[in-house]
Protein chains: 2
Amino acid sequence: MFRALVVEDQTLMRLALMNEVQASFEKCVVLGAETLTIATAELQNNHFDLVVIDPGLPGFDPTSQGDRVAVVDKIIEASPSAIHIVVTGSDNRCEADGFRQIGAAAYLGKTGLAPGVFSDVLDDISTKGFSLRLSRVVMTKPDYRFSVLTPREQEAIDMMAHRAPGVKRKEIFSLMADRLAIDANSAEKYYKQARAKLMRQGHPLPHGL
Amino acid sequence: MFRALVVEDQTLMRLALMNEVQASFEKCVVLGAETLTIATAELQNNHFDLVVIDPGLPGFDPTSQGDRVAVVDKIIEASPSAIHIVVTGSDNRCEADGFRQIGAAAYLGKTGLAPGVFSDVLDDISTKGFSLRLSRVVMTKPDYRFSVLTPREQEAIDMMAHRAPGVKRKEIFSLMADRLAIDANSAEKYYKQARAKLMRQGHPLPHGL
DNA sequence: CAAAAAAGGGATGGTGTCACCCCTTTTTTT
DNA sequence: AAAAAAAGGGGTGACACCATCCCTTTTTTG
């Protein structure tokens with residue numbers, strides 16, 4: 001059974017990261033720790049295959065580079081056989097190098113760390129040994145979330161709204177089919193159904209229909 | 001139709017906040033903006049009932065109090081009729097007062113901002129006019145997440161694992177029933193089923209069974 | 001014009017979760 | 001010893017979502 005630990009003080013972020021880990025491993029147990037105290041206690045008593053760390057924890061100075069390194073170093077030394085992924089909001093290449101040197105397998109900026117990226121990071125680690133994803137702004141349009149839509153329908157609207165100009169809808173359906181491992185016709189159906197729902201309720205559709 | 005906008009650069013956090021907003025309003029549309037540019041563009045073209053803002057946005061200095069106030073002030077001025085909620089990782093009472101003076105209805109620290117808290121915040125706003133929730137560490141034990149469990153089962157395990165010493169299981173079932181608006185017997189059933197699943201797979205159960 | 005793409009539907013079975021009901025046996029409490 | 005709590009099961013209908021296949025009409029494109 002694959003075992004992972006997420007060390008992050010911000011609750012919603014911790015839960016989101018735990019979701020990402022779960023999505024990357026079919027069968028697994030994921031523990032979430034709010035503080036270094038809880039984390040070290042768990043690391044002493046149990047074995048972990050993967051540890052995700054945000055160095056900005058309560059009780060430490062988030063602006064002190066020494067404190068940040070100390071947190072990560074303590075965790076790495078407490079779980080030498082695990083894969084260690086550092087996730088931070090205030091990321092920079094210099095710090096990334098530092099963490100890499102003390103044994104981290106990945107360094108991720110929170111901005112741009114979207115659902116699904118985690119799996120790519122794990123691929124990077126297993127192929128190249130290290131993954132670096134610095135924060136970068138990627139959005140040009142807002143994301144829309146409609147409570148009337150099912151997840152599949154929401155996803156269909158999402159992908160279609162972010163369609164690059166000139167790209168045919170058919171191509172998006174193929175892409176969606178590929179990403180969700182379903183038939184392109186089904187993807188098309190979801191999009192049409194979602195669109196119909198929004199029209200019926202008089203919603204101002206996101207640009208790009 | 002209730003319309004909300006979440007302005008936050010960290011993708012996972014933005015999506016989580018959008019989820020929280022959605023969970024608080026039965027029928028709604030929630031938009032997510034990664035940058036102030038996207039947010040202001042939307043605020044110009046559309047009306048919003050609620051705006052959630054993280055002042056630490058790309059292009060601004062997160063340590064500069066002036067920058068942080070400028071971001072929030074610009075958004076409030078662009079949507080004077082909306083409710084404005086400020087969410088930040090580096091929260092302090094002084095800043096809370098500042099944002100309150102320029103018109104924010106709530107000031108929330110990210111640490112301790114858990115699923116469900118958002119609804120309480122909205123209650124605070126409608127009854128007292130303002131809600132203040134500074135970051136504070138609350139966990140003493142880690143959270144467990146098992147991929148084999150359904151959401152209901154996971155929730156049952158969660159609540160039972162955080163049971164205070166001396167509290168009877170029956171009381172937890174009642175609490176769970178109350179929070180999920182289901183029967184206490186059903187809550188008990190979920191817990192038993194969850195426990196059985198974990199035992200069957202040989203999982204080391206969280207302390208407290 | 002002809003072909004492709006898009007818009008707009010209807011109907012289908014499978015599956016998982018939800019929420020409820022029932023039962024017995026063992027352990028703990030009082 | 002009696003009563004309550006806990007452990008451990010089985011079974012049920014409802015319902016939402018998933019995924020697929022089918023159809024027609026309108027619009028756009030080449």
Side-chain angles (χ1 to χ4, degrees), chain A residues 19 22-23 26-27 145-209, chain B residues 19 22-23 26-27 145-209:
Chain A
N19 266 335
Q22 264 193 327
E26 198 49 35
K27 293 250 182 129
R145 194 74 75 80
F146 303 92
S147 60
V148 291
L149 301 184
T150 70
R152 277 285 189 273
E153 291 169 350
Q154 179 68 54
E155 203 138 6
I157 291 290
D158 243 49
M159 295 193 67
M160 195 57 76
H162 291 125
R163 172 176 59 136
V167 175
K168 298 220 181 302
R169 289 184 200 292
K170 287 263 178 190
E171 296 178 52
I172 300 292
F173 295 144
S174 293
L175 184 66
M176 201 183 311
D178 197 55
R179 290 198 10 166
L180 303 177
I182 60 172
D183 195 280
N185 292 321
S186 299
E188 186 171 351
K189 179 66 189 169
Y190 290 134
Y191 168 69
K192 288 178 178 177
Q193 214 159 42
R195 198 176 188 279
K197 274 191 186 178
L198 298 184
M199 298 276 282
R200 221 175 296 140
Q201 303 207 357
H203 273 297
L205 293 176
H207 184 263
L209 293 197
Chain B
N19 266 335
Q22 263 192 329
E26 198 50 35
K27 293 249 183 132
R145 193 74 75 80
F146 303 93
S147 60
V148 291
L149 302 185
T150 69
R152 276 287 188 272
E153 292 168 349
Q154 179 67 55
E155 203 137 5
I157 290 289
D158 243 50
M159 295 192 68
M160 195 58 76
H162 292 126
R163 175 175 58 135
V167 175
K168 299 222 182 298
R169 281 168 156 68
K170 287 262 178 192
E171 298 178 51
I172 300 292
F173 296 144
S174 294
L175 184 66
M176 201 183 312
D178 197 55
R179 290 196 13 163
L180 302 178
I182 60 173
D183 194 281
N185 292 322
S186 298
E188 186 171 354
K189 180 65 188 170
Y190 289 134
Y191 168 69
K192 289 178 177 176
Q193 214 159 43
R195 199 176 187 280
K197 274 191 186 180
L198 298 183
M199 298 276 283
R200 221 175 296 139
Q201 304 206 357
H203 274 297
L205 293 177
H207 184 263
L209 293 197

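Source: prediction; values computed, not measured. By convention in this document, chain letters (A, B, ...) are assigned in the order of the sequence lines, proteins followed by strands, and residues within each chain are numbered from 1.
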In whole angstrom, what separates [X]'s [atom1] from [N]'s [atom2]?
X: B:Y190; N: D:dG10; atom1: OH; atom2: C1'; value: 16 Å
X: B:Q193; N: D:dG10; atom1: CD; atom2: C1'; value: 10 Å
X: B:E188; N: D:dA6; atom1: CD; atom2: P; value: 8 Å
X: B:R200; N: D:dG8; atom1: CZ; atom2: P; value: 11 Å
X: A:Y191; N: C:dG8; atom1: OH; atom2: C1'; value: 12 Å

May I have the list of side-chain donor-acceptor pairs in residues 182-189 of chain A shorter than 3.5 Å, sequence neighbours left out?
| residue | atom | partner | partner atom | Å |
| --- | --- | --- | --- | --- |
| A:D183 | OD1 | A:N185 | N | 2.8 |
| A:D183 | OD1 | A:N185 | ND2 | 3.2 |
| A:E188 | OE2 | A:K192 | NZ | 3.1 |

Atom pair CZ (B:F146) and CD1 (B:I157), whose distance is rounded to the nearest 0.5 Å: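 Output value for this atom pair is 6.5 Å.
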Heavy-atom side-chain proximity of A:N19 to B:R145 below 4.5 angstrom: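 A:N19 reaches B:R145 side chain to side chain.
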Shorter than 3.5 Å, N or O on both sides, protein versus nucleotides 21-25 of chain D: list them out with atom names.
none

Stepwise side-chain contact (heavy atoms from CB on, under 4.5 Å) test for B:R179 and B:M159: CA-CA 11 Å; B:R179 290 196 13 163; B:M159 295 192 68; 4.2 Å; yes
Stretch residues 148-156 of chain A: residues that reach within less than 4.0 Å of DNA chain C through a heavy atom: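 Close to the strand, none.
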Closest-nucleotide 5' rank along DNA chain D - winner of A:K197 and A:I182: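 The answer here is A:K197.
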Neighbours of DNA chain D within residues 160-176 of chain B, by heavy-atom distance under 4.0 Å: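 Contacts with DNA chain D under 4.0 Å: B:K168, B:R169, B:K170.
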Could you give the side-chain donor-acceptor pairs of residues 169-176 of chain A under 3.5 Å, partners two or more places apart or in another chain?
| residue | atom | partner | partner atom | Å |
| --- | --- | --- | --- | --- |
| A:R169 | NH1 | A:Y191 | OH | 3.4 |
| A:E171 | OE2 | A:K168 | N | 3.3 |
| A:S174 | OG | A:K170 | O | 3.3 |

Residue pairs involving residues 147-164 of chain A (criterion salt bridge (Lys or Arg N to Asp or Glu O under 4.0 Å); sequence neighbours excluded):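 Passing the test, one end in residues 147-164 of chain A: A:E153-A:K197.
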